[in-house]
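Mind having a look at this structure? Questions to follow.
In what follows, chains are A, B, ... by sequence order, proteins preceding strands, each numbered from 1.
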Amino acid sequence: MQTFPLDDIKFNLDLTVSCGQAFRWRNWHGIWCAPSPYGDAEVWKVWQKGDVIFFDGMEEKDLIQYFSLDHDLDAILASIDCDPLIHDAIERCQGLRILRQDPWECLISYICSSCANIPGIQMRIENLAEKYGDEIFCDGKKYYSFPSPEKIAEADVCEIRSCKVGYRDAYICDAAAMAVTDSNWSEKIQSLPYRDAQKKLRELNGVGPKVADCVLLFAFEKFEAVPVDVWIERILRTKYVGGEKKLDYTKAGDYARDHFGPYAGYAQEYLFASREIISRKGE
DNA sequence: GAAGGACCTGA
DNA sequence: CAGGTCCTT
């Protein structure tokens, strides 16, 4: 077990892992545990007491990298803090950070996200991991690593469907085939500016604008990516833009980028994390 | 090029 | 009836 003193780094572990950006963290008696996204048969364990992070099964550089402890959160938040609503969300969600997830795991996770709430998405991912990942034992519990693209590419479509992923089975297959064929796909995406990267990801079947934006924001640090789900659409429409009819996806994102600036993706995350409170207020 | 339905599954 | 995408009018 190692410790990492936060000093003046703002970080809220609980909020960051449970706000719905990543799907494999579980809390056992105050300790957050997840199979390592690097497929190295480790289980990451992390917990926080005040200004100290305790961690095990991972290295300090992984901690900093994965939890984006190198983001200058104060500067980012100052840059998006431009209206009372976001100001309130920032106050409420102190220390919330956007993770730097593994691109492959993130891609498949968000392909699985259509028409489902968080538990539904988690279930699909757990089923895939149980079937195609490697077993890891830790503290008397079984975990499964996230399956590699190779492992999924070998499987056939109906076998994947048995993981209860429904019509997303073919999307998952296609994504695996892509990742196997083009093993540097993630470096390529990383090197592209936001819009080109989005376009590239959308070449995949089953990856529309929303899924692409999630992957770009949660795995590639493209902070201009603003995933507009039903909650964010509603918040933007009722609290910002005004009007009756549903906001067009691109227009909604453009509005957010124009209003919040280059870190609009961070603003999205804070609004999303405060969605219930925001929706309850007024209207 | 905008609007509407289908697609799996389970809550 | 859902944190979306695709295919069809």
Go through the side-chain N and O atoms of A/W32 and A/D14 and say whether any donor and acceptor fall under 3.5 Å apart.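 There is such a pair between these side chains.
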A/N205 vs C/dC6: side-chain N/O to OP1/OP2 distance below 4.0 Å: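 For C/dC6, OP1/OP2 do have a side-chain N/O of A/N205 under 4.0 Å.
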Which nucleotide, C/dG4, C/dC6, B/dT9, lies nearest any side-chain atom of A/D229?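 The listed nucleotide nearest to A/D229's side chain is C/dG4.
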Could you check which of B/dC8, C/dG3, C/dC6 has an atom nearest any side-chain atom of A/Y171?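 Closest nucleotide to the A/Y171 side chain: C/dC6.
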Between A/D102 and A/R24 (salt bridge meaning N to carboxylate O under 4.0 Å), is one present in this structure?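 Salt bridge flag = no for A/R24 with A/D102.
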Between the base of B/dC7 and the side chain of A/R168, is there any donor-acceptor pair under 3.5 Å?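 When only heavy-atom distances are counted, A/R168 does not reach the base of B/dC7 through any donor-acceptor pair under 3.5 Å.
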A/K164 side-chain proximity, nearest of B/dT9, C/dT5, C/dA2: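 Of the candidates, B/dT9 comes closest.
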If I take atom CZ in residue A/R124 and atom P in nucleotide C/dG3, what distance separates them, rounded to the nearest angstrom?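 That distance rounds to 10 Å.
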Starting from the 5' end of DNA chain C, give me the residue, A/V207 or A/A116, whose nearest nucleotide shows up first.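 Result of the comparison: A/A116.
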A/P209 side chain, from C-beta outward: closest of B/dC8, C/dG3, C/dT5: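 From the listed options, C/dT5 comes nearest.
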Does A/Y249 get its side chain close enough to the base of C/dG4, under 3.5 Å, for a donor-acceptor pair?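 Counting by modelled atom types and ignoring angles, no donor-acceptor contact under 3.5 Å is found here.
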Check every atom of B/dG10, C/dG3, B/dC8 against the side chain of A/V230 and return the nucleotide holding the closest atom.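 Nearest nucleotide to the side chain: C/dG3.
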Using the ring centroid of each side chain, check whether A/F260 and A/Y270 are separated by less than 6.0 Å.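 Distance test on ring centres: not under 6.0 Å, no.
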Nearest whole Å is fine: how far is B/dA3 P from A/L247 CG?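 So the CG-P distance, A/L247 to B/dA3, works out to 12 Å.
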Round to the nearest Å and state the distance from A/R161 atom CZ to B/dC7 atom C1'.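 Nearest whole value for this atom pair: 8 Å.
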Applying a 4.0 Å non-hydrogen cut-off, can you work out what A/D169 is touching in the nucleic acid: base, sugar-phosphate, or nothing?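 Nothing: the residue A/D169, judged by heavy atoms under 4.0 Å, touches no strand.
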Using whole Å, report how far OH of A/Y167 lies from C1' of C/dC6.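 Answer to the nearest Å: 10 Å.
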How many Å lie between NZ on A/K246 and P on C/dG3, as a whole number?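 Rounding to the nearest Å, NZ of A/K246 and P of C/dG3 are 11 Å apart.
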